Q: 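I'd like to ask you about the structure that follows.
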Amino acid sequence: MAQCVVEVDGEEYSFEWSEGTLLQAMLDAGVPAPYSCQAGQCGACQCYVEGAATTMLNNNVLFDDEIAEGQRLACQTVRDGDDAAVEVSYYF
């Protein structure tokens with residue numbers, strides 16, 4: 001398992017994320033992460049992800065340049081098997 005640190009509304013949360021989507025891991029850990037559709041359609045869970053390699057299962061919102069900058073849809077983001085730590089922020 002790898003450490004995940006998330007900053008939401010100026011508060012920092014830390015938890016272990018090993019499987020499932022980033023959004024589900026945050027919700028399971030009690031993080032008040034923003035979201036709506038959970039299908040990669042609305043963009044409400046858009047965030048910046050740094051650290052471990054991740055992949056989005058579905059994306060109908062973000063452009064290639066945004067993805068290259070580290071932006072992800074938390075509801076569609078899964079780990080690529082890397083045990084590196086992950087940092088998530090919602091600065092938009």
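For the single chain, residues carry numbers from 1 onward in sequence order. Just so it is clear, the structure is predicted and the values come from calculations on it, not from any experiment.
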Q: Can you find a heavy atom in the side chain of Thr77 that is under 4.5 Å from one in the side chain of Trp17?
A: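 They are in side-chain contact.
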Q: How many angstroms lie between CG in Leu73 and SG in Cys47, if you round to the nearest 0.5 Å?
A: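 Here the interatomic distance stands at 7.5 Å.
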Q: What distance do Ile67 atom CD1 and Asn59 atom CG have between them, rounded to the nearest 0.5 Å?
A: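 Rounded to the nearest 0.5 Å, the CD1-CG separation comes to 4.5 Å.
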Q: Would you say Asp80 has more than 12 foreign heavy atoms packed within less than 6.0 Å of its CG?
A: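 Enclosed.
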Q: Atom CD of residue position Glu19 - does it have more than 12 heavy atoms of other residues, nucleotides or ligands inside 6.0 Å?
A: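 For Glu19, atom CD is not crowded (no more than 12 foreign heavy atoms under 6.0 Å).
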Q: Mind checking who shares a hydrophobic cluster with Val78, ILVMFWY linked at side-chain heavy-atom distances under 4.5 Å?
A: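 Members other than Val78 - counting any ILVMFWY side chain reachable under 4.5 Å - are Leu57.
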Q: For atom OH of Tyr35, decide whether the heavy atoms of other residues, nucleotides or ligands shown that lie under 6.0 angstrom number more than 12.
A: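 No, the 6.0 Å shell around OH holds no more than 12 heavy atoms from other groups.
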Q: Taking C-beta and beyond as the side chain, do Gln76 and Thr21 meet within less than 4.5 Å on heavy atoms?
A: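 The answer is no, as the side chains (C-beta and beyond) never meet within the 4.5 Å cut-off.
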Q: Identify the heavy atoms of Leu22 and Cys4 that sit nearest to each other, and give their distance.
A: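 That closest heavy-atom pairing would be CD1-SG, 4.0 Å.
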Q: Would you indicate whether the side-chain heavy atoms of Cys42 and Ser36 approach each other to under 4.5 Å?
A: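 Yes. Closest side-chain heavy atoms under 4.5 Å.
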Q: Quick one: side chains of residues 24-32, donor-acceptor pairs under 3.5 Å with protein atoms, not counting sequence neighbours, listed by atom name and distance.
A:
unit_1, atom_1, unit_2, atom_2, d
Gln24, NE2, Asp28, OD1, 2.8

Q: For Arg79 versus Ala52, what's the shortest heavy-atom pair and its separation?
A: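 What the structure gives for the nearest pair is NH2-CB, 3.6 Å.
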Q: Kindly indicate whether the side chain of Val5, heavy atoms from C-beta on, has any atom under 4.5 Å from the side chain of Phe15.
A: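 Val5 vs Phe15: side chains apart.
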Q: With heavy-atom distances below 4.5 Å as the criterion, would you say the side chains of Tyr48 and Glu69 are in contact?
A: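 Yes, at least one pair of side-chain atoms sits under 4.5 Å.
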Q: If you look at every heavy atom in Pro34 and Leu23, which pair is closest and at what distance?
A: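 That would be O-CD1, 4.3 Å.
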Q: More than 12 heavy atoms of other residues, nucleotides or ligands under 6.0 Å from CG of Asp9: is that the case?
A: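 Count not over threshold, so no.
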Q: For residues Gly40 and Cys37, report the shortest heavy-atom separation together with the two atoms involved.
A: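 In this case the closest contact between Gly40 and Cys37 is N-SG, 3.8 Å.
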Q: Just one of Arg72, Glu87, Met56 clears the side chain to side chain contact (heavy atoms under 4.5 Å, CB included) bar with Val49, so which one?
A: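 Between Val49 and the candidates, side chain to side chain contact (heavy atoms under 4.5 Å, CB included) is satisfied uniquely by Arg72.
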Q: Which heavy atom of Ala84 sits nearest to which heavy atom of Ala2, and what is that distance?
A: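 For Ala84 and Ala2, the tightest heavy-atom pair comes out as O-CB, 3.4 Å.
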Q: Flag yes if more than 12 heavy atoms outside Glu50 fall under 6.0 Å of its CD atom; otherwise flag no.
A: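 Open.
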